[in-house]
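Just so you know, residue 1 is the first one in the sequence shown, and it goes up from there.
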Amino acid sequence: MEYQYPIDLDWTNEEMMEVVAFFNAIEAFYETKVDGELLLNRYKAFKSIVPAKAEEKQIFKEFEKNSGYNSYQAVKTVQNGSDKKYFSANDK
C-alpha cells in the first residue's frame, strides 16, 4: 500500500524518523505482530514530539485516512493488554 506519513516539515530529521518509526510499529500491529513494549516506547517518543492531544488526534486521523490503520486503537489495545509480549489486530 502506498501512502504518505503525516509529517510536519518543522520537525527535525530525527523527529521525522521517530514519527515514522512509530507509524511503522502501528503498521506491524495491523499487518503482522508487534512487540508491545516497542510500540509503547515508540508512542512515548512520538508524544515527546507531538505533546498536544489535539495535534495527536489530527495526525492520527490523517494517518488513518491514508492507511486505514487506527493508531489510537492499536496503542489502547497494547496499553490495556495482559502480560503478552506480542500484539496484533487479529488478537481482538
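For the residue pair Ser48 and Pro51, the shortest heavy atom distance occurs at O-CD, 4.3 Å. Here the shortest heavy-atom pairing between Thr32 and Ser88 reads O-OG, 3.0 Å. Across every non-hydrogen atom of Ile26 and Ala74, the tightest pair is CD1-CB, 3.7 Å. Scanning both residues, Phe87 and Gly36, for their nearest heavy atoms gives CD1-CA, 3.7 Å.
One finds the CD1 atom of Ile49 at 11.0 Å from the NZ atom of Lys47 (value rounded to the nearest 0.5 Å). Separation of atoms OG (Ser71) and CZ (Phe23) is listed at 4.5 Å; rounding is to 0.5 Å. The CD atom of Glu37 sits 12.0 Å away from the CZ atom of Arg42 when rounded to the nearest 0.5 Å. To the nearest 0.5 Å, atoms NZ (Lys61) and CG (Asn70) are separated by 12.0 Å.
In this view, Lys44 satisfies the side-chain contact (heavy atoms from CB on, under 4.5 Å) rule with no residue, not counting sequence neighbours. In this structure Phe60 satisfies the ring-ring contact (aromatic ring centres under 6.0 Å, His included) test together with Phe22, Phe46, sequence neighbours excluded. By the side-chain contact (heavy atoms from CB on, under 4.5 Å) test, Thr12 is found to be paired with Glu14, Glu15, residues two or more places apart in sequence or in another chain being considered. Contacts of Gln58 classified as side-chain contact (heavy atoms from CB on, under 4.5 Å), with partners at least two apart in sequence or in another chain: none. Take Lys53 and apply the salt bridge (charged side-chain N to carboxylate O under 4.0 Å, His left out) test, not counting sequence neighbours, and it matches Glu56. Remark: Glu27 pairs with Tyr3, Tyr5, Asn24, Glu31, Phe63, Tyr69 by the side-chain contact (heavy atoms from CB on, under 4.5 Å) rule, at least two apart or across chains.
Met17 and Leu38 fall into different hydrophobic clusters, defined by Ile, Leu, Val, Met, Phe, Trp and Tyr side-chain heavy atoms under 4.5 Å apart, directly or through other members.
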How far apart are the C-alpha atoms of Glu55 and Asp8, what are their side-chain angles, what is the distance that settles it, and do they pass the side-chain contact (heavy atoms from CB on, under 4.5 Å) test? CA-CA 11 Å; Glu55 186 179 2; Asp8 186 330; 4.2 Å; yes
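Side-chain contact, Gln79 with Lys76: a donor N or O sits under 3.5 Å from an acceptor N or O.
Taking 4.5 Å as the limit, some side-chain heavy atom of Thr77 sits within range of a side-chain heavy atom of Phe29.
More than 12 heavy atoms of other residues, nucleotides or ligands lie within 6.0 Å of CG in Asn80, so this atom counts as buried by the packing criterion.
Side chain of Asp35 to main chain of Tyr86: no donor-acceptor pair is present (N/O by atom type, distance under 3.5 Å, no hydrogens or angles).
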